[in-house]
Each structure stands twice: as structure tokens, then as C-alpha cells.
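Quick notes on the structure that follows.
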Amino acid sequence: MAREHHTKVLILGTGAAGLTAAIYAARANLEPIVIDGLEPGGQMTITTDVENYPGFADVVQGPWLMEQMIEQAGKVGTRFFSDIVMSVDLSRRPFEATGDGGDIYSGDALVIATGAQARWLGLESEQRLRGFGVSACATCDGFFYRGREVAVIGGGNTAVEEALFLTNFATKVSLIHRRDELRAEKILQDRLFANGKIEPVWDSVLEEVLGTDDPPGVTGARVRNVKSGEVSELNVEGIFIAIGHDPNTELFKGQLDMDEDGYIVTAPDSTTTSVPGVFATGDVQDKVYRQAVTAAGTGCMGALDAEHFLAENPAEAEAAE
């Protein structure tokens, strides 16, 4: 039987943004409800070694870090629901989200923290070695490839930026692109071609990630030339997939303003969206940094913005008391 659950602050998503929002909202006595969605813990749960999150002198594991955030949020009063939101209604307050079992979750304010997903090639070997030499974030993992050779897949701004960043650590970066010219901005291309550590591999696609299972790790890349059909192997120890990200914003299309890539538009220096009382945090509105620490920062902002909104716009029942 479907049930209804109401809260002052409803939070969708349990990545770094959603959990930080929950911690701040709970400490403000707003009794938040968090719905975890399809990927509880967010992208950090598929990250192994985390070395750049402040507060930890030693490397920590992504899943463990998210477990700690969940436990912290729970201790200060957050209520968690394991459900998948199928639809939302932002046309009136309280805002409503309907779960796949029919449960209705309503909130006087809504914090969106549904994150984004990296686009993957769909190779079995890519999935098997994800987190063990296959990554979608050079900023997160590039440090682990000091003195090694790596490959980047893609030809847009993201791929070129990742390749340039990786030259700070790797001895050689092979940029594998299916065409014979890049789609990246001209200034980025100029920087790439001027960097002696980067070697473009034109007209080519990644056919298979080569590696071992025990211990898991990447040992190479099998690459096919799309024009000649020739297959070759690159001796690399890291492969970075840089073909873009997709924000998880399908639920909100037609209800919130978004940019051409589907990211929710927020006001400058704020998490405020085009609907008063709805706030967007983390990777649903950040297409530039996409880091756990920046997501956590906007999660804090979202909770504070929600708190201020509720103080200025009390719910009808509260106003009537």
C-alpha cells in the first residue's frame, strides 16, 4: 500500500552533495528526508582510492567515505528511504516526488542532488576494470600515474583538457580519437599539439582494455583504425574515458530551466533554480569541476538556501498556526 511522507526539506540523491545537504538541514532541525535513487552514494561508490578529499592524510576508499557521510547524516536526524523516484511535481508546494512503488514524498523545499553519469563506451573489459586503471576523471586519478604511460579516449574539450592535465604526471599520453581532427576549442588544440608528451592516435577506437584480474589492473589498450581496420596495441597502464557526462535531470525537464546540455541553471553564487523553493546542487548544475569536494560545497549551499527560503516562506500549515 502506497504511503505518504512529508518533510520540510526533501533531498533527492545520496552523493556528496545530497549527504552534505542532509547534514546541514538536519542540524538546522529541518528533519530532512533523503531518497537514495538508482546509485546510492553516487559516483564515489565506484571510486577506489580517494586521495584528494580533505581531512584524510592516507588514501581512503570511495565507498567507505560515502558510508561515513551516510552515518553522519543519520546521526543528526536525517531519514533515509531506499526508493527510485519516477516523477516529480514542482508546480506547487509542497513539492512531490513519487517513488516506483507509489509512495509519495513531499517537501516544503526540495534539494536536487541526483548527480551526473560519465558516458562509457560499453565495453565489457572497460566495465570490468573500472576503478582499476579505467577512469572517467583525470583530476581524480591522474596522480596515481606518475611516471607511467596512459591513454585518453575522446576528441572534445573534456578529452583535451584531461590529456593536458595528465602530462603533469604521465611520461606519455596517447589521445585516441575516431576522427582525423579534434572537436575541441582551437586554443585547447594549440596547447595539445605544442605538448611533446601527447601523441594523437587518429581515426581510431578503443576495441578492448587489456589487463589482469588478480590483481586487477590495466596493462594495455587494443585499438582499431576505423579506416584501415588495422588493430594495434598500446602499452599503457591507465585509460581515461573522456567522452562527456550526462546530468541526471530527466525528471525535471519542462519544469526547471536547463542549459543546452541538460544541466540545471542556478542563479550566480546560489543553488536557486527557476522554481522558488527548489535548489540544485552538485553535478546536476556543475559541468566544470565535477569533484566530490565541490559537490559537498554546493550541498552545504543548498541546505542553507533551503533554510533561508523556509524562514521567509513558511508552509501554509505553519503560517496558519
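We use all heavy atoms of the structure for the numbers below, so side chains are in, but hydrogens, waters and symmetry mates are not.
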Carboxylate-amine/guanidinium proximity below 4.0 Å for Lys172 and Glu199: yes

Inter-residue atom distance Phe80.CZ - Asp36.CG, 0.5 Å rounding: 8.5 Å

Would Arg130 pass as a cation-pi partner of Trp120, given that its NZ or CZ must be under 6.0 Å from the six-membered ring centre and within 45 degrees of the axis? yes

Less than 6.0 angstrom from the centroid, inside 45 degrees of the normal: does Arg146 satisfy that with respect to the ring of Phe143? yes

Hey, are Asp203 and Lys227 close enough for a salt bridge, meaning a charged N less than 4.0 Å from a carboxylate O? yes

Distance check, rounded to the nearest 0.5 Å: Ile241 atom CD1 versus Ile243 atom CD1? 6.5 Å

Leu166 side, atom CG; Ile198 side, atom CD1 - distance, nearest 0.5 Å: 8.5 Å

The test is salt bridge (charged side-chain N to carboxylate O under 4.0 Å, His left out); show your working for Arg290 and Asp286 and say whether it passes. CA-CA 6 Å; Arg290 295 195 299 267; Asp286 172 21; over 6 Å; no

Ala16 and Ala295: which non-hydrogen atoms are nearest, and at how many Å? CB-CB, 4.3 Å

Tell me, with the steps shown, if Asp283 and His245 meet side-chain hydrogen bond (donor to acceptor under 3.5 Å, both in side chains). CA-CA 9 Å; Asp283 289 3; His245 288 72; over 6 Å; no

With a 4.5 Å cut-off on side-chain heavy-atom distances among I, L, V, M, F, W and Y, is there a chain of contacts connecting Val9 to Val88? no

So, taking the atom named CZ in Arg178 and the one named CG in Asn225, what distance separates them when rounded to the nearest 0.5 Å? 11.5 Å

More than 12 heavy atoms from other groups under 6.0 Å of CD on Glu181: no

For Leu256 and Val275: C-alpha separation, side-chain torsions, deciding distance, then whether side chain to side chain contact (heavy atoms under 4.5 Å, CB included) applies. CA-CA 7 Å; Leu256 294 174; Val275 173; 3.5 Å; yes

Residue pairs meeting side-chain hydrogen bond (donor to acceptor under 3.5 Å, both in side chains), one or both in residues 204-221, sequence neighbours left out, come to Arg128-Asp213, Glu207-Arg224, Glu208-Arg222

CG on Leu210 to CG on Leu129, rounded to 0.5 Å: 9.5 Å

Evaluation steps, side chain to side chain contact (heavy atoms under 4.5 Å, CB included), between Leu206 and Ile239: CA-CA 10 Å; Leu206 179 66; Ile239 296 178; 4.2 Å; yes

So which heavy atom on Asp83 is nearest to which on Gly101, and how close? OD1-N, 4.3 Å

Can you check ring pair (Phe, Tyr, Trp, His ring centres under 6.0 Å) on Tyr105 and Phe95, steps first, answer last? CA-CA 8 Å; Tyr105 307 87; Phe95 307 112; over 10 Å; no

Flag yes if more than 12 heavy atoms outside Gln127 fall under 6.0 Å of its CD atom; otherwise flag no. yes

Side chain to side chain, Phe309 and Phe279, heavy atoms closer than 4.5 Å: yes

Taking the side chain as everything from C-beta on, heavy atoms only, tell me whether Ile23 gets closer than 4.5 Å to Gln72. yes

Go through the side-chain N and O atoms of Asp141 and Ser135 and say whether any donor and acceptor fall under 3.5 Å apart. yes

Going through the distances and angles, do Ser106 and Glu96 end up as a side-chain hydrogen bond (donor to acceptor under 3.5 Å, both in side chains)? CA-CA 4 Å; Ser106 60; Glu96 290 188 351; 5.6 Å; no

Validation row: Pro247, Gln117 side chains within 4.5 angstrom (heavy atoms): no

Strictly below 4.0 Å, N to O, side chains only: are Asp261 and Lys287 in salt-bridge contact? yes

Distance from Met66 atom CE to Gln61 atom CD, nearest 0.5 Å? 13.5 Å

